[in-house]
Every structure is written in C-alpha cells, then in structure tokens.
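Since the structure is predicted, the reported quantities are computational estimates derived from the model, not experimental observations.
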Amino acid sequence: MSSDSILYSPYTLPCGITARNRLVKAAMEENMSSLGNVPGESLYSLYRYWAHGNLGMVITGNVMVDKSAMTGPGGVALEKDTDIAPFQKWAKIIKSNGALAIMQINHPGRQVFKAMKGKAIAPSAVPLDMGKHSKLFAQPREMTCQDIHDVCKRFVQTAKQAEKAGFDGVEIHAAHGYLLTQFLSPLTNQRQDEWGGSIINRARLLINIVSQVRAVCAKDFIVMVKLNSADFQKNGFSFDDACEVVNRLEALGVDVVELSGGSYEAPAMQGQTRDNTTLAREAYFLEFAQALVSKTEIPLMTTGGIKRAEVAEEVIEQGCALVGLASALAITPDLAKKWQQEWTYSGIIPHCAWKDKSLASLANMAMVRRQLRRLGNNLTTLRDPSPLWSLVLDMLHRKKMTKRDVG
Ligand SMILES: Cc1cc2nc3c(=O)[nH]c(=O)nc-3n(C[C@H](O)[C@H](O)[C@H](O)COP(=O)(O)O)c2cc1C
C-alpha cells in the first residue's frame, strides 16, 4: 500500500542514473510554445505542476527535429542553431524538485496537417488514410537517401542540444505513426533499397539514430525509445517485428523502451485497434510488455490507460521498470502524491464515445489538451469536460497557433 509500494522505489537505469520512483509523466504534445516554437511562460507554468508532482521522470511533449516539419501548430522545435536558453529554463523547472527531465524528440513524416504548410516526407509516398478526414493531411513525398541521412543528423543534433540545455536524456519517438514508425511498418515503407523490406532494413534509420546519439552524448545521458508493440493494422508492424527491434536496441545500450501502439489511423494508444486485437481495459500494452520482459535486458515502460495505483503497481510487478501516465496527469498533475495519501484514489482519463471513431479520438485529445492549456494558465483542471466544447476550443486554439506559425 501507498508509500511502501514498489511504485515509490528508486530505479537505476543502465547508464547509471537513478529515477527516484517508477512513475513517469509520458509525452503529451502541448501545442503551447512561445513565438519561434520555443518553450515559454505557458509551458513553464504547466511543467511546474508536474515538477512538484513527485514523479520519477518527466518526459516532454514531442520536440521536433526540423522546424519545417511540425506535428501540430504551437509545437516546440530544437535545431542545431536554436537558442537553448528557453530550453535550459524548461529543464531547470522540470528538475527543480528531483524528477529527471527527458526531452522526447520526433519527426512527423507524413503525419502533417495540410494547414501547417510544412514538409511532408515519408519512406514511400503513401498518404494517410483517415477516411473522410484524410484531406486534412498533406500528401507525402518519398524520401531520397539524402533526406534520410539529413533526418538522422537532425535527431542527433537535437539530442546534443537537449544535453547542452541540461536535460537528463532524450526519448526517440518511434511510435504512433510518426516518421520512424513509418519506416518500421511495411504498410508505409514500400522501399526496395537498404531502408525497406526486411525488419533489419526498416529499423536501420532508428538504429543509426540511436547509435549516433549514444556516440555523441555523455555515457550517463539517458537514451530512451518509444516503440509500438504493434501498429494494430492488418499486415502492419507486428509484435515479432517489435521484438526484433528491441533485440537490436539492446546491443546499443538503450536505457528504456517505452511500449505503446498505434498511429493516427489506428489510435491503439487510446485503446482502439483496427485489426480486432483486444487491448486490456486498463494498461493497454501490459500483455505485450509481459511477453517481452523475458526476451530482453532493456528496462521496459508501458503507457496507456493507467489511472489507478493498483494497475500501475501491477505493471511493475509484471516486470516493467517504469510506468507511464499521460492523460490522467493532465487532469490530476499531482496524482503520484494523491496515491501516496489515498491508495484507491482514481485518476481520470477523459473518454468520448462518439460513433465516428476518428472524431472521437480527436475529441479525446482535445479534452486532454484543454487541461494542459488550463494548467499553463494556472487554472484548475476540469474533471468532466464536454467533448464537443473541448473540440471547438481546441480547433480555435489550433487555428490561432497555425496563423501565428505559418501566417
Ligand atoms: C493530448 C495528447 C498529446 C500526446 N502527445 C504525445 C507526444 O507528443 N508523444 C508521444 O509519444 N505520445 C503522445 N501522446 C500519447 C501519450 O503519451 C500516451 O501514449 C497515450 O495518451 C496513452 O496514455 P494515457 O492513456 O495515459 O493517456 C499524447 C496523448 C495526448 C492525450
């Protein structure tokens, strides 16, 4: 029970750095950057809540490695020449009360909104299939080998910048349908060269990035990878593929693999699949993590659907090193403290049950993002936000941010 639970025990990562407990704030894109796509007052206010939430580790929302390819409006980007002062302040706030600060770094590939007018590149020119919402997304262009090397270099440069800014580590985003996932999945990677075909080839870009980040950053810099346990689409990236990738990552000294799943097309990270796989009602990917634990030495973390201490504890008891929480920490940023005071306290994950699954998924995200903005404005969060009103507010916010970022 509570404070003597394994959840509150420290954990030392392979690089030698210790997280004070097993509870991790997982990445959530905030869309709250200041002008110039850098962190500013709203993000600082938001992260102060988590910094004081007794978490072992706080992972930022995804930070882009290329400012001309953003996952969304109001995003954060960190390139080789970006002024790191705002990032130094961000890291300092996150670490101010003992949590480790990890920056998630990402490239969207084809998952780019047309309105953002950004670069949409992908291993193959396969557009996103979001049914009647597909037209919201840009048509991707197939990447040249030069583009692939450029992306690799950018990930490495961003990781180095994160280290310079004082972050304890980075998490390379290879989940949820973004560029590195597009390389991993045979549905989106139809290349015939050394970057496509076998899982070894499809994983080459991720492996190159990880090994180069390891080479240029300090030995005790934490390197994590967020990986899909599968993409939950027919003939897509399978669990066997995931096991093979983890096997390769192990040789590179990765500190943690965070297991998630899905993409914009099949948002398994919200508990929905497109291939009829049934996910657990809470801790969606625990079964996959259990199956992987005995196959790898890499510490595992799983995120998705966790809002109760009992379930989080089960994740650790089943062999994961860390447990990730996202939505529940948007509504209750001090959930880790609340569980210490009241073990049975249940966090909240907003859930929209609309029939249009794509729209419901957008509403789920909108409800969470609304809470992030409220915390960024030092307002209390809402326990039961309206999906429709949250969606409207989210659209207005995104429109304002799009106008700011792209005119
Ligand atoms: C508003 C929002 C933004 C998100 N942004 C990211 C992101 O930037 N990077 C990432 O890896 N996952 C992102 N996620 C997914 C979460 O990290 C997590 O995998 C997913 O929400 C399932 O966990 P949960 O049930 O605890 O929310 C986001 C989720 C939400 C709700």
Side-chain angles (χ1 to χ4, degrees), residues 1-2 5-7 22-28 175-177 226-234 236-239 242 257-293 300-332 335-336 338-339 342-369 371 381-387 390:
M1 103 119 236
S2 67
S5 160
I6 193 164
L7 284 181
R22 312 303 186 93
L23 296 163
V24 179
K25 181 252 153 199
M28 277 182 282
H176 301 174
K226 187 160 182 169
L227 187 69
N228 276 353
S229 38
D231 59 18
F232 301 101
Q233 285 177 279
K234 217 165 152 233
F237 179 75
S238 65
F239 183 59
V257 167
E258 177 186 356
L259 275 185
S260 187
S263 61
Y264 285 9
E265 286 177 346
M269 58 286 202
Q270 293 181 359
Q272 298 171 32
T273 62
R274 263 206 190 177
D275 63 356
N276 298 325
T277 306
T278 311
L279 298 173
R281 216 164 47 82
E282 294 178 79
Y284 309 141
F285 306 105
L286 181 55
E287 232 177 272
F288 293 94
Q290 282 169 310
L292 201 55
V293 154
L300 299 179
M301 159 172 158
T302 186
T303 303
I306 300 161
K307 57 184 179 190
R308 294 189 299 126
E310 200 184 343
V311 176
E313 192 178 57
E314 170 78 3
V315 167
I316 304 298
E317 279 169 355
Q318 292 301 322
C320 288
L322 303 169
V323 51
L325 302 154
S327 311
L329 284 176
I331 295 179
T332 318
L335 189 57
K338 287 231 163 34
W339 286 344
E342 189 186 337
W343 183 246
T344 54
Y345 183 92
S346 178
I348 296 164
I349 297 183
H351 175 69
C352 171
W354 293 344
K355 267 204 195 122
D356 181 332
K357 294 276 177 250
S358 299
L359 210 56
S361 163
L362 290 177
N364 283 331
M365 302 286 278
M367 284 189 282
V368 175
R369 277 197 294 257
Q371 314 304 317
T381 55
L382 307 169
R383 293 179 67 82
D384 192 16
S386 141
S390 301

Parallel, tilted or perpendicular: which fits the ring planes of Phe288 and Phe232, with parallel below 30° and perpendicular above 60°?
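Phe288 vs Phe232 ring planes: perpendicular.
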Do [X] side-chain atoms and [Y] backbone N/O form a donor-acceptor pair below 3.5 Å?
X	Y	value
Arg22	Ala321	yes
Asn228	Gly262	yes
Trp339	Arg308	no

Taking atom [atom1] of [X] and atom [atom2] of [Y], what is their separation to the nearest 0.5 Å?
X	Y	atom1	atom2	value
Lys25	Leu335	NZ	CG	14.0 Å
Glu265	Ser358	CD	OG	9.5 Å
Cys320	Glu314	SG	CD	10.0 Å
Glu287	Thr302	CD	OG1	11.0 Å
Leu359	Asn364	CG	CG	10.5 Å
Lys307	Ser327	NZ	OG	10.5 Å

Can you tell me which residue pairs pass the ring pair (Phe, Tyr, Trp, His ring centres under 6.0 Å) test with a partner in residues 259-284, sequence neighbours excluded?
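Only Phe137-Tyr264, Tyr178-Tyr264 qualify under ring pair (Phe, Tyr, Trp, His ring centres under 6.0 Å).
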Quick one, [X] and [Y] - any side-chain contact, counting heavy atoms below 4.5 Å?
X	Y	result
Asp231	Ser263	no
Ile316	Glu313	no
Thr332	Thr381	no
Leu279	Phe285	yes
Trp343	Leu7	yes
Gln371	Pro350	no

Locate the shortest heavy-atom distance separating [X] from [Y]; write the atom from each residue and the value.
X	Y	answer
Leu23	Ala336	CD1-CB, 3.7 Å
Ala283	Ile306	CA-CG1, 3.7 Å
Met301	Val24	CE-CG1, 3.6 Å
Ile331	Leu382	CG2-O, 4.0 Å
Pro387	Cys352	CB-SG, 4.0 Å
Pro385	Met367	O-SD, 3.6 Å

Inspect the surroundings of CD in Gln318 and state if more than 12 heavy atoms from other residues, nucleotides or ligands are less than 6.0 Å away.
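Atom CD in Gln318 is crowded, with more than 12 foreign heavy atoms closer than 6.0 Å.
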Within the supplied structure, the quantity of interest is the number of heavy atoms (other residues, nucleotides, ligands) at a distance under 6.0 Å from Glu317 CD; does it exceed 12?
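Yes, because the 6.0 Å sphere around CD of Glu317 holds more than 12 heavy atoms from other groups.
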